[in-house]
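Worth saying up front: this structure is predicted, and the values here are computed from it rather than measured. Numbers restart at 1 for each chain; the letters A, B, ... are given by sequence-line order, proteins then strands.
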There are 2 protein chains.
Amino acid sequence: MILDDRKIKILYAIIKDYILTGEPVGSRTISKKYELGVSSATVRNEMSDLEEWGFIIQPHTSAGRIPSDKGYRLYVDQLMEHKSINQDNMKMIERLLQQKVDQIDTLMKEVAKLLSLYTNYTSIVSSPVIHKTKIKHMQLIPLDAHSIILIIVTDANLVTNNVIKMDIPADQTTLNKLSAMLNESLKGLTMEQINLPVIQELKVKMGIYGEIVNPIVDAVAKTIQTKITPEVYLSGTMNMLDFPEFSDIMKAKQIFHTLEKKDVLISILLKNASKGINITIGEENEIEEIKNCSLITASYEIGGRKVGTIGIIGPTRMEYDKVVSLLSYISGNMDKLLKDNSDG
Amino acid sequence: MILDDRKIKILYAIIKDYILTGEPVGSRTISKKYELGVSSATVRNEMSDLEEWGFIIQPHTSAGRIPSDKGYRLYVDQLMEHKSINQDNMKMIERLLQQKVDQIDTLMKEVAKLLSLYTNYTSIVSSPVIHKTKIKHMQLIPLDAHSIILIIVTDANLVTNNVIKMDIPADQTTLNKLSAMLNESLKGLTMEQINLPVIQELKVKMGIYGEIVNPIVDAVAKTIQTKITPEVYLSGTMNMLDFPEFSDIMKAKQIFHTLEKKDVLISILLKNASKGINITIGEENEIEEIKNCSLITASYEIGGRKVGTIGIIGPTRMEYDKVVSLLSYISGNMDKLLKDNSDG
DNA sequence: GTTAGCACTCACAGTAGTTGAGTGCTAACA
DNA sequence: TGTTAGCACTCAACTACTGTGAGTGCTAAC
């Protein structure tokens with residue numbers, strides 16, 4: 001099996017054409033539309049080899065060829081041009097993100113929207129994995145006789161608020177003092193650093209404030225524990241319906257059903273969290289329902305730590321080059337985008 | 001035009017059967033399945049009248065009849081049984097809502113999920129219109145050199161947090177004093193009561209703290225202004241695809257497209273906000289894209305004020321009785337549900 | 001090694017023919 | 001006068017058949 005230059009060119013042409021049109025590509029189309037200087041008969045011979053080796057598939061005898069997963073794999077690994085997005089698009093992106101993005105959840109939503117808008121595929125964005133982020137500030141606020149609110153601000157400007165229920169009433173002054181103490185002890189720690197020993201130590205340290213301390217510290221620990229699951233934002237789900245691949249309602253429903261399971265999405269995204277750009281093609285996907293889809297993910301950093309993932313899901317016939325360049329650009333600038341919009 | 005008892009019974013049977021099966025209902029079906037004691041020929045004569053008067057429609061010559069919008073209208077206004085949901089379902093609802101519903105946005109999401117799960121239609125839920133709710137607590141928290149966080153808690157336990165950017169740094173102690181002052185002046189007021197005069201007065205009152213006051217008070221005013229738009233939560237969008245009415249991809253896409261426009265949904269929901277239960281059938285809808293849908297909405301109260309709406313959208317062939325009873329129950333208990341889960 | 005030529009395959013679209021659910025009308029009956 | 005049996009009629013939906021064309025694989029000649 002020798003993939004000589006001409007075979008590569010033919011395979012490239014087939015993939016490019018199929019991604020563009022969605023129709024099986026015939027030998028005549030290749031020889032006429034792409035200037036290879038050979039007749040359709042020659043192309044046929046080459047295609048026959050490519051099919052034998054599993055790079056392309058013939059849906060039925062009298063049809064052209066379509067790329068197989070293996071074909072796409074070769075394409076993304078070796079053939080695809082890695083262009084970067086152009087100036088105009090960069091500007092468009094910055095303009096879109098500059099509006100009302102003061103907090104991370106708003107930014108996430110905007111990024112998801114942007115990705116789906118620009119690619120016409122479906123975007124999946126996971127918010128920062130909170131246990132890797134550092135605590136910046138904590139504040140207790142009285143709500144009513146039986147409950148107080150715990151505000152936690154992390155260094156990614158993620159603000160979470162949680163209601164704590166307690167039997168003992170607490171006044172503003174006490175809560176301010178407790179807040180100050182919590183800050184003193186926990187500020188700068190990552191979520192995962194706040195483990196049982198730290199909590200115990202904290203209880204002892206704050207003991208002077210009496211029995212009110214226990215429920216509050218417990219609530220802090222529990223809140224941090226439960227808030228560790230990242231959020232997932234989807235956008236452009238309906239874009240799936242634009243592709244003939246999913247014009248069969250049953251197939252579309254299958255995928256939509258999968259996309260509704262946030263825990264499944266999280267597990268998919270986290271799997272590739274450490275990898276930078278990752279491309280999973282068709283059958284390479286572990287989830288049965290998306291084995292006719294391709295998934296491209298890119299991890300992003302905040303403060304130098306890989307904390308989350310952004311991704312695009314679409315048909316295996318996907319504009320890989322365009323999607324990769326966009327994801328690279330946005331994931332690479334996530335930190336900056338957030339900083340520009342919150343601190344600047 | 002006299003709608004005698006028998007005609008009513010026949011119309012009722014047609015609607016019931018069509019809602020159940022989705023297939024046009026023939027005269028033979030009526031005379032056999034529903035015990036009216038008359039032959040199919042008699043039913044045919046009656047149906048002929050009902051069609052002439054516009055209550056039912058014949059899709060084509062050799063088909064049975066289906067209800068028209070006018071038919072459904074008569075049904076929901078006069079024929080439909082108003083049953084209340086049974087004990088088992090009440091328990092199920094309470095069990096579902098009792099988990100992790102400590103704040104209003106979580107409750108909204110859960111209610112939306114519940115509605116779609118229980119009905120198999122698509123649910124639309126709008127969060128409380130914030131300008132009708134009262135301020136319960138305000139708190140300023142330092143974030144970094146250039147920004148502070150403003151937390152506003154309303155009496156519906158809605159907690160909003162907003163980043164305020166400023167040139168002047170502010171320490172915790174000052175912010176605590178400012179927070180106390182804000183609370184003193186604004187606590188108990190509804191959002192809409194905080195108008196320009198109140199803001200001006202506040203600035204004068206707080207002037208002793210120097211120039212830091214202006215940006216903060218402005219931010220408070222602006223935040224309240226911009227946070228007035230309610231949130232909309234959707235659930236079970238994909239349930240639409242389960243109905244043959246929307247098996248045509250184009251029709252489905254049209255509706256999905258509309259459902260993605262949050263401002264359109266808000267305007268639809270707000271229109272019926274004052275009405276308790278409201279049913280809009282097919283062509284009665286003002287939005288072109290949902291003229292083949294029915295929309296049932298119910299407004300809910302918090303603290304005795306109508307502040308938001310929950311609703312179900314689906315095909316005109318909808319189980320109106322079931323949906324109405326569910327919406328009535330949930331909207332009627334919204335206040336209680338929220339209180340049970342947050343204060344209890 | 002390349003290409004022209006040709007027989008072959010098969011999805012797809014279009015055209016009849018058949019079926020059956022359901023109707024409207026008429027005439028007879030209670 | 002209302003009800004019903006009977007019957008001709010309609011028409012969507014399904015099936016079977018056919019022609020078309022895009023595309024292939026193979027062979028023989030260049």
Checklist entry - CD of Glu289(B) to NZ of Lys253(B): how many Å apart, nearest 0.5 Å? => result 14.0 Å
Checklist entry - Would Lys7(A) and Met47(A) satisfy side-chain contact (heavy atoms from CB on, under 4.5 Å), going step by step from the backbone distance to the final call? => result CA-CA 8 Å; Lys7(A) 281 196 174 61; Met47(A) 279 163 94; over 6 Å; no
Checklist entry - What is the distance from CG of Asn45(A) to C1' of dG23(D), rounded to the nearest Å? => result 14 Å
Checklist entry - What integer distance in Å separates Lys33(A):NZ from dG23(D):P? => result 11 Å
Item to check | Under 3.5 Å: donor-acceptor pair, side chain of Thr29(A), backbone of Val25(A) | outcome: no
Next on the checklist: Rounded to whole Å, how long is the line connecting atom CD1 of Ile66(B) with atom C1' of dT23(C)?
Outcome noted: 16 Å
Next on the checklist: If a pair means Watson-Crick or G-U wobble with both distances below 3.5 Å, what does DNA chain D look like in dot-bracket form, with | marking bases paired to a different strand?
Outcome noted: ||||||||||||||||||||||||||||||
Checklist outcome for this item: Per the under-4.0 Å heavy-atom filter, residues of residues 11-29 of chain B near DNA chain C come out as Gly26(B), Ser27(B)
Checklist entry - In whole angstroms, how far is the P atom of dC10(C) from the CD atom of Gln58(A)? => result 10 Å
Anything under 3.5 Å between a protein N or O and an N or O of nucleotides 9-13 of chain D, put it in a table, one pair a line.
unit_1: dC11(D); atom_1: OP1; unit_2: Thr61(B); atom_2: OG1; d: 3.2
unit_1: dC11(D); atom_1: O4'; unit_2: Ser62(B); atom_2: OG; d: 3.3
unit_1: dC11(D); atom_1: O2; unit_2: Ser62(B); atom_2: OG; d: 3.0

Checklist entry - Does the side chain of Ser40(B) come under 3.5 Å of the side chain of Arg28(B) through a donor N or O and an acceptor N or O? => result no
Item to check | Verdict with supporting geometry, Lys9(A) and Asp5(A), salt bridge (Lys or Arg N to Asp or Glu O under 4.0 Å) | outcome: CA-CA 6 Å; Lys9(A) 272 183 183 150; Asp5(A) 194 51; 3.4 Å; yes
Next on the checklist: Are Tyr320(B) and Tyr72(B), when compared by the centres of their aromatic rings, separated by less than 6.0 Å?
Outcome noted: yes
Item to check | Value in whole Å for how far the P atom of dG2(D) lies from NZ of Lys7(B) | outcome: 10 Å
Next on the checklist: Test side chain to side chain donor-acceptor pair (under 3.5 Å) on Asn89(A) and Tyr329(A); report intermediate values, then the result.
Outcome noted: CA-CA 10 Å; Asn89(A) 287 325; Tyr329(A) 177 71; over 6 Å; no
Checklist outcome for this item: When rounded to whole Å, the CD1 to C1' distance for the pair Ile30(B) and dT4(D) reads 18 Å
Next on the checklist: Looking at every heavy atom in both Tyr118(B) and Lys322(B), which two are closest together, and how far apart are they?
Outcome noted: O-NZ, 3.4 Å
Checklist entry - Under 4.0 Å between a side-chain N or O of Arg44(B) and OP1 or OP2 of dA21(C)? => result no
Checklist entry - For the pair made of CE in Met47(A) and C1' in dG23(D), what is the distance, rounded to whole Å? => result 9 Å
Next on the checklist: Distance check needed: dG23(D) P versus Glu51(A) CD, whole Å only.
Outcome noted: 15 Å
Checklist entry - When rounded to the nearest 0.5 angstrom, what distance separates CD in Glu284(A) from OG1 in Thr316(A)? => result 10.5 Å
Item to check | Chi angles and distances behind the side chain to side chain donor-acceptor pair (under 3.5 Å) call for Ser116(A), Ser235(A) | outcome: CA-CA 6 Å; Ser116(A) 65; Ser235(A) 181; 2.9 Å; yes
Item to check | Worked verdict on Asn278(A) versus Thr280(A) for side chain to side chain donor-acceptor pair (under 3.5 Å) | outcome: CA-CA 7 Å; Asn278(A) 187 272; Thr280(A) 316; 3.3 Å; yes
Checklist entry - Does dT23(C) have OP1 or OP2 sitting under 4.0 Å from an N or O in the side chain of Arg65(B)? => result yes
